[in-house]
Amino acid sequence: MYNRLQYISQGKTIEEQLYNIHQALDAGCDWVQMRFKNQTAKNTFALAEAVKFLCEEYLANFIVNDNLYLAQQIAADGVHLGLTDMNIAEARAILGNTKIIGGTANTFEDIENHIKNGCDYIGLGPFRFTPTKEKLSPILGLSGYFNILKQMRQNNLKIPVYAIGGITIEDICPLMETGIHGIAVSGMITKSDRKEKLIQQLNEKLYANVIV
Ligand SMILES: Cc1ncc(COP(=O)(O)OP(=O)(O)O)c(N)n1
Ligand SMILES: Cc1ncsc1CCOP(=O)(O)O
Ligand SMILES: [Mg+2]
């Protein structure tokens with residue numbers, strides 16, 4: 001089963017991205033999504049190669065945002081695709097069954113489609129407004145998660161769901177009560193100056209009800 005915490009990288013340059021990802025890994029993150037927007041193919045490839053190397057060193061999962069062919073080229077663990085990125089079924093046909101494919105959802109219907117198309121996990125959001133992403137889909141809030149996760153149970157749909165968008169530490173317990181599997185966060189980890197402590201606290205909350 002997938003880890004409950006996914007770190008989505010930030011940074012306007014390769015150096016900034018690498019610094020942020022290295023810090024997150026050092027602090028205990030074991031799942032990184034490289035998100036590097038509006039860059040040249042050369043820069044994105046260079047960063048992806050370096051991040052792949054780093055994640056291997058830290059035994060962390062590494063997935064690439066948006067770019068399936070880059071994920072394939074560098075043999076990343078997988079890719080995260082949004083509603084306007086490549087179709088999940090097409091991505092599955094290209095990547096095969098051994099790679100992770102995550103898909104963005106904003107509605108119950110998005111989740112139904114993603115499951116039919118062979119998605120491995122869902123990034124459901126946004127939870128609230130966040131400056132990290134432009135052109136946000138409608139904000140779901142806690143009630144949105146509650147209703148969508150309830151519909152999933154009623155329809156016996158099972159897939160790990162990650163909440164995303166402006167999440168803070170105080171949001172985790174109420175969000176977990178809706179039935180989500182975990183969270184995907186960018187700003188909270190990137191901006192923290194006590195990352196190790198933060199990640200420890202996040203994991204305590206995310207795994208509070210897991211019986212080992
Ligand atoms: C885990 C996770 N969930 C959702 C997203 C958003 O993907 P997308 O809608 O394609 O937006 P961009 O990240 O590409 O701006 C995500 N990246 N990760
Ligand atoms: C990529 C993405 N998709 C929906 S919200 C979001 C950004 C999440 O970042 P943050 O945790 O900083 O709000
Ligand atoms: Mg995308």
Side-chain angles (χ1 to χ4, degrees), residues 1-12 16-17 20-21 23-24 27 29-39 44 47-48 51 60-71 76-88 90-91 99-107 109-111 113-115 117 119-142 144-145 148-149 159-172 175 180-192 195 198-199 201-202 205-206:
M1 189 42 92
Y2 298 126
N3 303 332
R4 292 177 188 262
L5 177 64
Q6 184 183 129
Y7 170 63
I8 301 182
S9 71
Q10 269 186 31
K12 290 189 175 65
E16 227 183 291
Q17 283 268 343
N20 288 335
I21 292 168
Q23 291 261 310
C29 272
D30 46 20
W31 189 355
V32 173
Q33 177 186 151
M34 185 194 103
R35 184 172 182 269
F36 196 31
K37 293 282 188 183
N38 308 317
Q39 294 292 322
T44 316
L47 176 65
V51 178
N61 267 343
F62 170 40
I63 64 171
V64 174
N65 175 262
D66 290 345
N67 194 333
L68 172 128
Y69 293 109
L70 175 63
D77 297 308
V79 65
H80 186 95
L81 298 170
L83 291 164
T84 57
D85 299 320
M86 182 190 276
N87 174 276
I88 303 276
E90 200 183 327
K99 297 293 179 182
I100 303 169
I101 301 180
T104 301
N106 183 247
T107 63
E109 289 71 28
D110 295 334
I111 297 178
N113 286 331
H114 283 338
I115 293 176
N117 288 332
C119 199
D120 291 308
Y121 77 84
I122 302 291
L124 178 65
F127 173 62
R128 67 160 63 86
F129 172 79
T130 172
T132 307
K133 180 172 160 57
E134 291 169 6
K135 296 185 189 147
L136 288 172
S137 294
I139 307 277
L140 295 175
L142 199 56
Y145 285 85
I148 293 172
L149 272 290
I159 188 167
V161 173
Y162 288 77
I164 182 167
I167 294 173
T168 66
I169 193 152
E170 292 76 26
D171 299 320
I172 296 177
L175 273 170
I180 59 160
H181 177 74
I183 57 170
V185 296
S186 186
M188 174 169 46
I189 291 178
T190 308
K191 293 188 186 104
S192 167
K195 290 188 176 54
L198 172 66
I199 287 162
Q201 288 172 337
L202 292 176
K205 289 182 190 294
L206 288 165

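Every heavy atom of this structure was used, including side-chain atoms; hydrogens, water molecules and symmetry mates were not. First listed ligand is number 1; within each ligand, the first listed atom is number 1.
Around the Mg ion (ligand 3), protein N, O or S atoms at less than 2.8 Å comprise Asp66 OD1, Asp85 OD2.
Among all non-hydrogen protein atoms, the one lying nearest atom 8 (C) of ligand 2 is Ile164 CG1, 3.8 Å. The protein non-hydrogen atom at the shortest distance from atom 1 (C) of ligand 2 is Arg35 NE, 3.6 Å. The single protein non-hydrogen atom nearest to atom 3 (N) of ligand 2 is Lys133 CD, 3.2 Å, given as residue, atom name and distance. Closest to atom 12 (O) of ligand 2 among all protein heavy atoms lies Thr132 OG1, 2.5 Å. The protein heavy atom nearest to atom 5 (S) of ligand 2 is Gly165 CA, 3.6 Å.
Below 3.5 Å of separation, one finds an N or O of Ser186 facing an N or O of ligand 2. The distance criterion of under 3.5 Å between nitrogen or oxygen atoms is not met by Val185 with respect to ligand 2.
Numbered from 1 in the order shown, with element, the atoms of ligand 2 that lie under 4.0 Å from a heavy atom of Gly187 read 10 (P), 11 (O), 12 (O). Taking every heavy atom of Thr130 and a limit of under 4.0 angstrom, the matching atoms of ligand 2 come to 5 (S), 10 (P), 12 (O), 13 (O). Near Gly166, with a cut-off below 4.0 Å to any heavy atom, the atoms of ligand 2 are 10 (P), 13 (O).
Residue-environment remark: NZ (Lys12) stays at or below the threshold of 12 foreign heavy atoms within 6.0 Å.
The aromatic rings of His80 and Tyr121 are tilted relative to each other, their planes meeting at an angle between 30° and 60°. Using cut-offs of 30° and 60° on the angle between ring planes, the pair Tyr2 and Trp31 is tilted.
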Between ligand 1 and the protein, find all N/O pairs closer than 3.5 Å and give the distance for each.
unit_1: ligand 1; atom_1: 3 (N); unit_2: His80; atom_2: NE2; d: 3.3
unit_1: ligand 1; atom_1: 7 (O); unit_2: Thr104; atom_2: OG1; d: 2.9
unit_1: ligand 1; atom_1: 9 (O); unit_2: Thr104; atom_2: OG1; d: 3.3
unit_1: ligand 1; atom_1: 10 (O); unit_2: Gly82; atom_2: N; d: 3.3
unit_1: ligand 1; atom_1: 10 (O); unit_2: Asp85; atom_2: OD2; d: 3.0
unit_1: ligand 1; atom_1: 11 (O); unit_2: Lys133; atom_2: NZ; d: 3.1
unit_1: ligand 1; atom_1: 13 (O); unit_2: Arg35; atom_2: NE; d: 2.8
unit_1: ligand 1; atom_1: 13 (O); unit_2: Asn65; atom_2: ND2; d: 3.1
unit_1: ligand 1; atom_1: 14 (O); unit_2: Lys37; atom_2: NZ; d: 2.6
unit_1: ligand 1; atom_1: 14 (O); unit_2: Asn65; atom_2: OD1; d: 3.4
unit_1: ligand 1; atom_1: 14 (O); unit_2: Asn65; atom_2: ND2; d: 3.3
unit_1: ligand 1; atom_1: 14 (O); unit_2: Asp66; atom_2: OD1; d: 2.9
unit_1: ligand 1; atom_1: 15 (O); unit_2: Arg35; atom_2: NE; d: 3.4
unit_1: ligand 1; atom_1: 15 (O); unit_2: Arg35; atom_2: NH2; d: 2.7
unit_1: ligand 1; atom_1: 15 (O); unit_2: Lys37; atom_2: NZ; d: 3.2
unit_1: ligand 1; atom_1: 15 (O); unit_2: Lys133; atom_2: NZ; d: 3.2
unit_1: ligand 1; atom_1: 17 (N); unit_2: Gln33; atom_2: OE1; d: 2.9
unit_1: ligand 1; atom_1: 17 (N); unit_2: Asn65; atom_2: ND2; d: 3.2
unit_1: ligand 1; atom_1: 18 (N); unit_2: Gln33; atom_2: NE2; d: 3.0
unit_1: ligand 1; atom_1: 18 (N); unit_2: His80; atom_2: NE2; d: 3.4

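Counting only distance, with no hydrogens or angles, the side chain of His114 and the backbone of Thr104 share a donor-acceptor pair below 3.5 Å.
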